[in-house]
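Okay, structure first, notes after.
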Amino acid sequence: IWLYVLVQTVVSMQVEGRRAALNRLATSAVVACTCAAVLPLVAVLGFTIVKGMAVLNGSFLTHTMRGVAEQDAAGGIYHAMIGTLEQVGLATVMAVPFGLLVAIYLVEYSAGRLGRAVSFFVDVMTGLPSIVAGLFIFALWILALGRSFSGFAGSLALAILMLPTVVRSAEEMLKIVPDSLREGSYALGVPKWITVLRIVLPTALAGIVTGVMLAIARVTGETAPLLLTVFGNPALNFNPFSGAQASLPLFVFSEAGLPNETAVNRAWAAALVLILIVLTFNIIARIIARVARVRS
């Protein structure tokens with residue numbers, strides 16, 4: 001690719017001149033870099049689809065791994081899908097409201113040292129390794145408080161990972177709301193909290209929803225914190241507050257580590273389902289953002 005770009009630039013410099021040649025060089029470099037960045041993604045998606053579709057069927061989506069041997073071609077991921085949806089759902093319920101409140105405070109109310117301190121800690125949490133969040137919940141919830149492994153413990157770790165993404169995305173969306181909207185509301189005598197609730201938030205809602213879905217997409221595939229908190233379960237457990245529970249990332253991790261092709265094929269199919277779930281979340285976010293934009 002780079003050899004083609006070099007030859008094209010030399011020929012263009014001789015035929016079209018130096019200025020046109022530099023323009024072609026910059027355009028070709030951008031296209032080449034884009035292709036180099038997209039190609040691994042396309043390769044991973046394509047390979048996952050090919051390997052996963054060989055196993056993915058209705059039985060795989062509606063059965064669990066209870067009583068299924070690792071060499072047996074039967075079994076499925078129903079228990080893992082339920083666990084992932086419950087754990088991510090609980091994490092979203094905990095992280096999104098708190099994250100939005102923090103973002104509103106930072107944009108609309110913060111001043112002085114407290115605001116800077118909150119912003120600093122949010123920045124620190126943004127780079128927090130996922131295993132550290134899992135260790136924190138393991139030490140606090142399971143060891144210190146004596147609770148058992150559960151889906152809720154995993155949700156606590158996922159909520160910690162979601163929180164900084166929600167805060168930063170919502171903060172940026174609130175900052176780009178024009179000050180003229182706030183000033184017009186204040187000029188009409190509307191209190192600040194009503195202005196934030198009825199003017200600022202609806203205006204920024206589309207971007208906030210997109211940021212929330214990015215946070216959900218980030219934690220949906222997390223494995224390390226769940227290893228320490230959820231523990232995994234081959235059977236179906238609908239109650240995330242009691243007992244070990246399965247999840248799709250844990251299922252992929254455990255099946256991929258087994259020394260037989262049948263288990264590895266199940267891991268590929270589960271990975272494909274995980275990608276489809278994240279894709280569905282993003283499509284829903286696009287729809288919600290479009291509807292919210294029209295209403296506002």
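Positions are given from 1, in the same order as the sequence printed here.
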Any non-hydrogen side-chain atom of [X] less than 4.5 Å from a side-chain atom of [Y]?
{"X": "Val132", "Y": "Phe136", "answer": "no"}
{"X": "Leu201", "Y": "Leu205", "answer": "no"}
{"X": "Leu156", "Y": "Met94", "answer": "yes"}
{"X": "Leu101", "Y": "Pro97", "answer": "no"}
{"X": "Tyr186", "Y": "Val190", "answer": "no"}

At their closest point, which heavy atom of [X] faces which heavy atom of [Y], and how far apart are they?
{"X": "Met213", "Y": "Asn282", "value": "CE-N, 4.4 Å"}
{"X": "Val107", "Y": "Lys175", "value": "CG2-CG, 4.1 Å"}
{"X": "Ala204", "Y": "Met173", "value": "CB-O, 3.6 Å"}
{"X": "Ala157", "Y": "Pro225", "value": "CB-CB, 3.8 Å"}
{"X": "Gly154", "Y": "Thr229", "value": "CA-OG1, 3.2 Å"}
{"X": "Pro249", "Y": "Leu226", "value": "CG-CD1, 4.5 Å"}

Distance from [X] atom [atom1] to [Y] atom [atom2], nearest 0.5 Å?
{"X": "Glu183", "Y": "Ile199", "atom1": "CD", "atom2": "CD1", "result": "13.0 Å"}
{"X": "His79", "Y": "Ser247", "atom1": "NE2", "atom2": "OG", "result": "9.0 Å"}
{"X": "Leu272", "Y": "Phe60", "atom1": "CG", "atom2": "CZ", "result": "9.5 Å"}
{"X": "Ile82", "Y": "Leu248", "atom1": "CD1", "atom2": "CG", "result": "10.0 Å"}
{"X": "Glu171", "Y": "Ile176", "atom1": "CD", "atom2": "CD1", "result": "12.0 Å"}
{"X": "Ile142", "Y": "Leu135", "atom1": "CD1", "atom2": "CG", "result": "10.5 Å"}

Picking from Thr48, Thr220, Leu279, what satisfies side-chain contact (heavy atoms from CB on, under 4.5 Å) with Leu274? Thr220
Counting distance only, does the side-chain N/O of [X] pair as donor-acceptor with the main-chain N or O of [Y] below 3.5 Å?
{"X": "Arg266", "Y": "Gly75", "value": "no"}
{"X": "Asn233", "Y": "Ala246", "value": "no"}
{"X": "Asn237", "Y": "Ala235", "value": "no"}
{"X": "Ser169", "Y": "Val166", "value": "yes"}
{"X": "Asp72", "Y": "Val68", "value": "no"}

Steps toward side chain to side chain contact (heavy atoms under 4.5 Å, CB included) verdict (Ile131, Leu228): CA-CA 8 Å; Ile131 189 66; Leu228 299 170; 3.6 Å; yes
Which residues share a side chain to side chain donor-acceptor pair (under 3.5 Å) with Ser185, sequence neighbours left out: Thr195
Are [X] and [Y] linked, directly or through other ILVMFWY residues, by side chains that come within less than 4.5 angstrom of each other?
{"X": "Val196", "Y": "Phe98", "result": "yes"}
{"X": "Phe120", "Y": "Met125", "result": "no"}
{"X": "Val278", "Y": "Met53", "result": "no"}
{"X": "Leu214", "Y": "Leu174", "result": "no"}
{"X": "Phe47", "Y": "Val44", "result": "no"}

Trace of the side chain to side chain contact (heavy atoms under 4.5 Å, CB included) decision for Arg66 with Leu236: CA-CA 8 Å; Arg66 183 176 183 180; Leu236 178 63; over 6 Å; no
Phe152 vs Gln245, test: side chain to side chain contact (heavy atoms under 4.5 Å, CB included). Steps then yes/no. CA-CA 9 Å; Phe152 181 70; Gln245 195 177 41; over 6 Å; no
Test: side chain to side chain donor-acceptor pair (under 3.5 Å). Region: residues 105-130. Which pairs qualify, not counting sequence neighbours? Glu108-Arg182, Ser119-Arg168, Asp123-Arg168, Ser130-Glu222
Give the ring-plane orientation class for Phe238 versus Tyr78, where under 30° counts as parallel, over 60° as perpendicular and anything between as tilted. perpendicular
Could you walk me through whether Ile160 and Leu128 pass the side chain to side chain contact (heavy atoms under 4.5 Å, CB included) check? CA-CA 9 Å; Ile160 293 175; Leu128 184 73; 3.9 Å; yes
Check ring-ring contact (aromatic ring centres under 6.0 Å, His included) between Phe231 and all other residues, then give those that pass, not counting sequence neighbours. Phe149
CZ of Phe241: more than 12 outside heavy atoms within 6.0 angstrom? yes
